[in-house]
Amino acid sequence: MPSAICLPIAIGITSALFSQNYCGTSRYDIPVFSNITVTSDIVYGSNTNISNNTEILKLDFYEPAGDTASIRPLIVLAHGGSFISGDKTDMLYIGTEMAKRGYVVASINYRLGLGFPIDSIRAMRAVWRATQDMKASVRFFRKDAATTNTYKVDPNMIFIGGASAGAIMATHYAYLDQSSEVPSSIDTVALGGLEGNSGNSGYSSSAKAVVNICGAVADTSWMKPGDEDVVSLQGNNDVTVPYCTDYVYLASFKIMIINGLGTMAVRASQIGMTNPNHTFYGQGHSSPGDTINVDTTIALASDFL
């Protein structure tokens, strides 16, 4: 489907649901802490990576310095990098700014690697592995909340999200959530089923909502009434992750058709899913280093959450 087809529909949705005027005046809406504390390289799990080696999975934890709250909402974020590169430190700016607003944030590393030749099957397996790692990180914090309560996380207020590949991970976490939806290319026995084997079994991996920054989903029919609400931002000239429905490429490899903000927003509105979104008109693929875009992202995300 040519990208232009969904633009008029998406413009109407964006105009109705997004406002540049954010009126929040308290914790979670605006910065209320001047300083934050980052605890790096917390081990949250492990699993076998694409090279058949055991990989230790780590995260960085951001929290407001001097916070006296006994229970706090958590945002689990994942970096971009086409599932072949990137690091949890890429989410430093977003993690810092959201922690200043009173959230606690976990920026995770996850298993990378596609294998060769690059194709849709290997790409979906990479997404599957990464999604399982994110689920283990959510379970890590629920386990902590039920035991030592080191991180003072509200187990009923855990959000997931990311940028680019990290956002693709989060949307598949939320919407590829039934065995009947799993593509035949995924060996659920070998790769660990819907929950995976990355750690902290016995605890729920459910999420409250999704923060989708320049992400997409492989099949919008996976988005069903009652699924997690989503806040999305993307440039309409994005050629890295299609804004509408189109092929995604890595280098010269045509991988698979995916659906970006323009198509996801139409589906979300059709099924009554809350989906505030913002289009960066005339812009391409954003990264966490694009401060102007990230500030808009933080404003919309905090207002939504």
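Note that the structure is predicted; figures quoted are calculated from it, not measured.
A donor-acceptor pair shorter than 3.5 Å can be found between the side chains of Thr245 and Thr263. No side-chain N or O of Ser51 forms a donor-acceptor pair with one of Asn53 less than 3.5 Å apart. Residues Tyr93 and Asp295 have side chains that bring a donor and an acceptor to within less than 3.5 angstrom of each other. Between the side chains of Ser302 and Asp29, not a single donor N or O lies within less than 3.5 Å of an accepting N or O. Gln234 and Thr279 share no side-chain donor-acceptor pair at under 3.5 Å. Side-chain polar atoms of His79 and Ser107 form no donor-acceptor pair below 3.5 angstrom. No donor-acceptor contact under 3.5 angstrom links the side chains of Asn277 and Ser232, judged on distance only.
No donor-acceptor distance shorter than 3.5 angstrom exists from the side chain of Arg101 to the backbone of Val32, with no hydrogens or angles considered. No donor-acceptor distance shorter than 3.5 angstrom exists from the side chain of Lys152 to the backbone of Thr68, with no hydrogens or angles considered. Listed for the Asp227 side chain is no donor-acceptor partner under 3.5 Å among the backbone atoms of Ala174. Remark: the backbone N or O of Ala218 is paired with a side-chain donor or acceptor of Asn259 at under 3.5 angstrom. Under the 3.5 Å distance criterion, the side-chain polar atoms of Asp67 are left unmatched by any main-chain donor or acceptor of Gly102. Between the Gln132 side chain and the Leu191 main chain, a donor and an acceptor come within less than 3.5 Å of each other. Put simply, the side chain of Asp229 never gets that close to the backbone of Ala209: no donor and acceptor are under 3.5 Å apart. Not a single donor-acceptor pair under 3.5 Å links the side chain of Arg111 to the backbone N or O of Glu55. A donor-acceptor pair is defined here as one N or O able to donate and one able to accept, closer than 3.5 Å; no such pair exists between the side chain of Arg142 and the backbone of Gly202. Under a 3.5 Å cut-off, the side chain of Thr171 and the backbone N or O of Ile168 do form a donor-acceptor pair.
Clustering ILVMFWY residues whenever any of their side-chain heavy atoms sit less than 4.5 angstrom apart, transitively, puts Tyr175 in the very cluster that holds Ile158. Linking Ile, Leu, Val, Met, Phe, Trp and Tyr whenever their side-chain heavy atoms come within less than 4.5 Å puts Leu59 and Met169 in one cluster. When the side chains of ILVMFWY residues are joined at heavy-atom separations under 4.5 Å, either directly or via intervening members, Tyr62 and Ile160 end up in two distinct hydrophobic clusters. When the side chains of ILVMFWY residues are joined at heavy-atom separations under 4.5 Å, either directly or via intervening members, Ile75 and Met91 end up in a single hydrophobic cluster. Hydrophobic clustering (side-chain heavy atoms under 4.5 Å, transitive across Ile, Leu, Val, Met, Phe, Trp, Tyr) keeps Ile213 apart from Val248.
The structure places CG of Leu305 at 11.0 Å from NZ of Lys208, a figure rounded to the nearest 0.5 Å.
Across all their heavy atoms, Gly81 and Ala165 have their closest contact at N-CB, 4.0 Å. Residues Val138 and Ser206 come closest through the heavy atom pair CG1-O, 3.9 Å. Listed here is the closest heavy atom pair of Tyr110 and Ala78: CE2-CB, 4.0 Å.
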Run the side-chain contact (heavy atoms from CB on, under 4.5 Å) test on Met124 and Leu176 for me, step by step, so that the C-alpha distance in whole Å, both residues' side-chain angles and the decisive distance to 0.1 Å come before the verdict. CA-CA 11 Å; Met124 281 302 301; Leu176 180 53; 4.2 Å; yes
Begin with the C-alpha distance, continue with both residues' side-chain angles, and end with the deciding distance and a verdict on ring-ring contact (aromatic ring centres under 6.0 Å, His included) for His172 and Trp128. CA-CA 8 Å; His172 287 77; Trp128 191 264; 9.5 Å; no
Gln283 and Asn237: CA distance, side-chain angles, deciding distance, side-chain contact (heavy atoms from CB on, under 4.5 Å) verdict: CA-CA 5 Å; Gln283 296 191 36; Asn237 287 342; 6.0 Å; no
Is there a side-chain contact (heavy atoms from CB on, under 4.5 Å) between Glu97 and Ile94? Walk through the geometry before answering. CA-CA 5 Å; Glu97 292 304 311; Ile94 296 177; over 6 Å; no
Please determine whether side-chain contact (heavy atoms from CB on, under 4.5 Å) holds for the pair Leu250 and Leu114, giving the CA-CA distance in whole Å, both sets of side-chain angles, and the decisive distance to 0.1 Å. CA-CA 11 Å; Leu250 181 58; Leu114 291 176; 3.4 Å; yes
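By the 4.5 Å heavy-atom criterion applied to side chains, Phe83 and Arg129 are not counted as neighbours.
Tested against Phe61, the residues Val104, Val105, Thr37 include a single side chain to side chain contact (heavy atoms under 4.5 Å, CB included) partner, Val104.
Between Asp41 and Lys58 no salt bridge is recorded (no basic side-chain N to carboxylate O distance below 4.0 Å).
Counting only residues at least two apart or in different chains, salt bridge (charged side-chain N to carboxylate O under 4.0 Å, His left out) contacts with residues 167-194 comprise Glu181-Lys224.
For Arg122, the side chain to side chain contact (heavy atoms under 4.5 Å, CB included) partners two or more places apart in sequence, or in a different chain, are Pro117, Asp119.
Both the sub-6.0 Å distance and the 45° axial angle are not jointly satisfied by Lys254 relative to the ring of Tyr249.
By the 4.5 Å side-chain criterion applied to Ile, Leu, Val, Met, Phe, Trp and Tyr, Val43 is assigned to a cluster that also includes Ile56.
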